[in-house]
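If you're wondering where the values come from, they're calculated on a predicted model, not measured in any experiment.
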Amino acid sequence: VQLVESGGGLVQAGGSLRLSCAASTSSFDDYVIGWFRQAPGKGREGVLCDSKHNRGTYYADSVKDRFTTSRDNDKKMVYLQMHNLRPEDTAVYYCAAVSDRRAGYRCRDTAEWYDYWGQGTQVTVSS
């Protein structure tokens with residue numbers, strides 16, 4: 001499975017961005033998709049997860065009510081919509097995938113569960 005992210009950039013605080021993650025697999029709905037981020041000097045943080053068993057599961061309290069994820073299985077795309085961005089949201093954002101079966105048919109919030117990773121896209125929020 002190959003994952004390619006796009007949509008990052010520079011935005012002012014309070015603004016919005018939508019990240020996209022394109023997947024190359026014929027059985028896209030059988031994969032759990034996790035969104036992670038890594039700020040400079042920090043570890044990789046689970047942000048939000050999507051699977052057909054756990055739609056829109058949040059792992060970072062700070063993004064609840066601001067970030068949502070959606071999936072288009074026909075297009076093999078996953079989106080991370082981010083609103084009301086804050087400077088502390090600045091990070092490299094990654095989408096990651098693991099098969100539903102290997103994940104135990106649930107979302108997983110830590111990076112070690114995921115087998116496939118995108119290249120990351122930088123999101124910078126200015127104050």
* Exam field: side chain T69 to backbone L80, donor-acceptor pair closer than 3.5 Å -> no
* Structure fact -> Heavy-atom nearest pair, A91 first then R37, reads CB-CB, 3.8 Å
* To do: Report yes if the side chains of K76 and S24 come closer than 4.5 Å at any heavy-atom pair, otherwise no.
  => no
* Is the CD atom of Q12 crowded by more than 12 outside heavy atoms at less than 6.0 Å? -> no
* From D100 CG over to S51 OG, what is the distance, rounded to the nearest 0.5 angstrom? -> 5.5 Å
* Has K52 got more than 12 heavy atoms of other residues, nucleotides or ligands less than 6.0 Å from its NZ? -> yes
* Is any side-chain heavy atom of D89 less than 4.5 Å from a side-chain heavy atom of R66? -> yes
* Structure fact -> One should read off an interatomic distance between L19 CG and E5 CD, to the nearest 0.5 angstrom, of 8.0 Å
* Do side-chain atoms of R44 reach the backbone of A111 as a donor and acceptor pair under 3.5 angstrom? -> no
* Structure fact -> Taken to the nearest 0.5 Å, the spacing of H83 NE2 from T68 OG1 works out to 5.5 Å
* Which atom of C49 lies closest to which atom of Y59, heavy atoms considered -> CB-CE1, 3.4 Å
* Asked: Relative to the ring of Y31, is the ring of Y116 parallel (under 30°), tilted (30 to 60°) or perpendicular (over 60°)?
  -> perpendicular
* Taking a hydrophobic cluster as the set of Ile, Leu, Val, Met, Phe, Trp and Tyr residues connected by side-chain heavy atoms closer than 4.5 Å, whether directly or through intermediates, do Y79 and F36 fall within one such cluster? -> no
* Asked: Got more than 12 heavy atoms from elsewhere within 6.0 Å of CD, Q2?
  -> no
* **OG1 on T57 to CZ on R106, rounded to 0.5 Å** => 9.0 Å
* Structure fact -> In short, D72 meets K75 closest at the heavy-atom pair OD1-N, 3.1 Å
* To do: Report yes or no: does R108 contribute a side-chain atom to a donor-acceptor pair with the main-chain N or O of G34 at less than 3.5 Å?
  => no
* Would you give the length of the straight line joining atom CG of D109 to atom OH of Y114, rounded to the nearest 0.5 angstrom? => 7.5 Å
* Closest contact, heavy atoms only, Q122 versus V92 -> OE1-CG2, 3.2 Å
* Asked: Quick one: OG on S20 to CG on L3, what's the gap to the nearest 0.5 Å?
  -> 12.5 Å
* Asked: Under 30°, 30 to 60°, or over 60°: which ring-plane class applies to W117 and Y94, parallel, tilted or perpendicular?
  -> perpendicular
